[in-house]
Structure formats: structure tokens, C-alpha cells
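Here is the naming used below: chain letters follow the sequence lines, and residue numbers restart at 1 for every chain.
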Amino acid sequence: MPELPEVEVSRRGLSPFIVGKTVITAVSRTSRLRHDIPPDLDAMLAGRCLRAIERRGKYLLFDFGTGHLLLHLGMSGSLRLVPPGTPPAKHDHFDLCFGDTIMRYRDPRRFGVIDWIAANPQSHPLLAPLGIEPLADGFHGDWLHAATRRRHAPIKPVLMDSHLIVGIGNIYASESLYLAGISPLRAAARIGHERCERLADAIRKTLLASIAAGGSSVRDYVHSDGGAGCFQLQCAVYDRDGEACPGCGTPIRSTRQAGRSTYWCPHCQT
DNA sequence: AAATAATCCTGCGGGC
DNA sequence: TGCCCGCAGGATTATT
């Protein structure tokens, strides 16, 4: 569910309320998400002060100085702050309890990840293979062009390959390609330099716009499912099969690529 | 090697 | 009303 913007908004929304505070206790209510949750998390975290919350791709890293709490929201995960004493609901798998608030992790499908990293986060097996950050300075048309010369798969699933670029999920892949005017079916290696420039810009714009849309309305309730109606920038093509393209009126089409739904305008995107 | 399918899990909406 | 099916914003693993 959450792509890079949702994770970044969660990071920004949570930070003012819990950075600088000390963990009273950490509570796990399930043993296993995508991987086993370390059973000794409470021992690692109790009494430790949260220094910062960082983000790498769709992962959140809670820096405690002595190590990092690694958290991934998977397909259905969300984080929120609740008052102490709030009873957990179904699928509320993990609490990070501070003196005055609880950061509560909910994940019905349990595709998420919670882990403790004692050493350098860069060397963690889930983080080490990750690709470039699309909002970093190094991500631009030149880079994208060079990185895709040997990729003959359609550009859409290539954009979603986290070993190449992190953070672009199924929604923003379709939306970015629409903004760039590039067909999701086009082989990545057959997109020229100028269009790679446009695509890199489109990705950056799409992600930043979504962060801005979510960031303004998140306060003590941080979520990624659009529950309060404050999230998710209006999509131009995603989930709009058959509707009129906002640019030219041609019906939006959909198909499946690498097992995921894709949406595009066959007139505006070539 | 690179690209696709199968997989982990629960919930929800549509069709009957 | 309920049942069955397919699908869901991720990412790894196995298979062609």
C-alpha cells in the first residue's frame, strides 16, 4: 500500500511527536510478519532515546544511537499515535510506548517488516541491495538513461524494481509515466535521452506533489490508507480504466504487467 | 541474465 | 443474506 510519499509523510508526521523522547517499553503482539520479529526488542529499546527517524526507500529507520529499529509497512501497514491505555485492535502488531504517547503499528496482511539493526544499517540484507533514491541529487535523466540501456522489459515494471530505484510503487509508476508522456509498455532501453530526462523529472514531481499533499494534513494521526481523506493526490490514470484522459479525453486503458495492474492513455503516452 | 509467475496474508467488493 | 472469485499501493523466491 504505502509507496515512498506515504512513508515519507509518516516520517515527517511522527518525528515532531516522538523524536527526543525515551521508550518506556516495546510490545509485540505477533511473532511473525514477513520475517520473525526479534523477541528481544523490548530489551533493546526500553530506556533508549529516539534520536531521529530516517527513511531509505520504503523503509523507516528509527535511530536510537545504539542501533536502528527497521520498519516496513508492506502492502497494508500503517502507523499512528494513540494515547497510552488505548486498547489494541485486530492487526495492531506492535507498540513503541513513550511516556505520553504510543506509536502503534497495524498491518492486516502482515507483509511488513520489523527488525533490529545493531550494526551499520547500510549492510543490512534488506537495505544493502536497494537502488538510488529518486529524490536524491544523483537521480536525473543521465543516470536513468545509463541505468536502463540493458533493460529490455517494459519501462513500468523496471521503474518498480527497488534494486534500481527505490520507492516507486504501482500507483506512482503509472502516474509518472503519464506525466512524462511515455507508454508503460515501451521497452526501457528504447527510451531516448531526452525522454529519460522527462521521466526523471516526472517521477520527482509526482513524488514531491504527493508528499506535499499528505504532509499538510498529517498531525497526530499518521496513516497510509487514506482513511481520513487527506491523502493520495488525485490520480490522473490509476484505477481509471475507461474514464476520459484528463488531457485529451481518450478512454484510459488498463492491462497487467508482471502481475500488477497498469493504467495509461494510449493517445498521450507513446 | 533477465523477465515472468508464484508466494506470503487478510479484507473487500462484485457477481450470482 | 451468503458464497466464491478476483483483486489490493510490496518484495522475495522460484522458474522459464
When you measure from the side-chain N and O atoms of [X] to the phosphate of [N], is any distance below 4.0 Å, counting only OP1 and OP2?
X	N	value
Arg106(A)	dT10(B)	no
His35(A)	dA11(C)	no
His72(A)	dG10(C)	no
Tyr238(A)	dG9(C)	yes
Lys90(A)	dT10(B)	no
Arg110(A)	dT10(B)	yes
Ser261(A)	dA8(C)	yes
Arg256(A)	dA5(B)	no
His163(A)	dT12(C)	yes

With side chains defined as the heavy atoms from C-beta onward, is the minimum distance between Arg253(A) and Thr262(A) less than 4.5 Å? no
Pairwise side-chain contact, Leu73(A) with Ser78(A), heavy-atom cut-off 4.5 Å (strictly under): no
Whole angstrom value for the distance that separates [atom2] of [N] from [atom1] of [X]:
X	N	atom1	atom2	result
Leu130(A)	dA11(C)	CG	C1'	10 Å
Ile155(A)	dA3(B)	CD1	P	11 Å
Asp92(A)	dT10(B)	CG	P	15 Å
Leu70(A)	dA11(C)	CG	C1'	13 Å
Gln257(A)	dG9(C)	CD	P	13 Å
Arg32(A)	dT12(C)	CZ	C1'	12 Å
Asp241(A)	dG6(C)	CG	P	18 Å
Arg151(A)	dA1(B)	CZ	P	13 Å

Sorted by first residue and then second, give each salt bridge (charged side-chain N to carboxylate O under 4.0 Å, His left out) pair with at least one member in residues 107-126 of chain A; sequence neighbours left out.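 Non-adjacent pairs meeting salt bridge (charged side-chain N to carboxylate O under 4.0 Å, His left out): zero.
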From the candidates dG10(C), dT4(B), dA8(C), the one with an atom nearest any side-chain atom of Arg260(A) is dG10(C)
Can you identify which nucleotide, out of dA11(C), dG11(B), dA3(B), has its nearest atom closest to the His152(A) side chain?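 The answer is dA3(B), which lies nearest to the side chain.
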Hydrophobic cluster (4.5 angstrom, side-chain heavy atoms) - remaining members for Val113(A):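 For the cluster that includes Val113(A), the remaining residues are Tyr59(A), Leu61(A), Leu70(A), Ile117(A), Leu126(A), Leu127(A), Leu130(A), Val166(A).
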Is Glu175(A) reaching over with its side chain to a backbone N or O of Tyr238(A), donor-acceptor style, under 3.5 angstrom?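 Yes, the answer is positive, given that a donor and an acceptor are paired below the 3.5 Å cut-off.
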Side-chain (Arg240(A)) to main-chain (Cys235(A)) donor-acceptor, under 3.5 angstrom: yes
Is any side-chain N or O of Glu3(A) under 3.5 Å from a base N or O of dG10(C), one able to act as donor and the other as acceptor? no
Let's test your reading of the model: under 3.5 Å, does the base of dC9(B) pair with the side chain of Arg109(A) as donor and acceptor? yes
Aromatic ring of Phe111(A) stacked on base six-ring of dC9(B), 5.5 Å, 30°: no
Any donor-acceptor N or O pair under 3.5 Å, side chains Ser183(A), Gln269(A):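 Side chains of Ser183(A) and Gln269(A): no pair found under 3.5 Å.
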Does atom CZ (Arg190(A)) have a neighbourhood of more than 12 heavy atoms from anything else shown, all under 6.0 Å?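 Open: at most 12 neighbouring heavy atoms sit under 6.0 Å from CZ of Arg190(A).
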With both pairing distances under 3.5 angstrom for Watson-Crick or G-U wobble, and | for a partner in another strand, the correct string for DNA chain B is .|||||||.|||||||
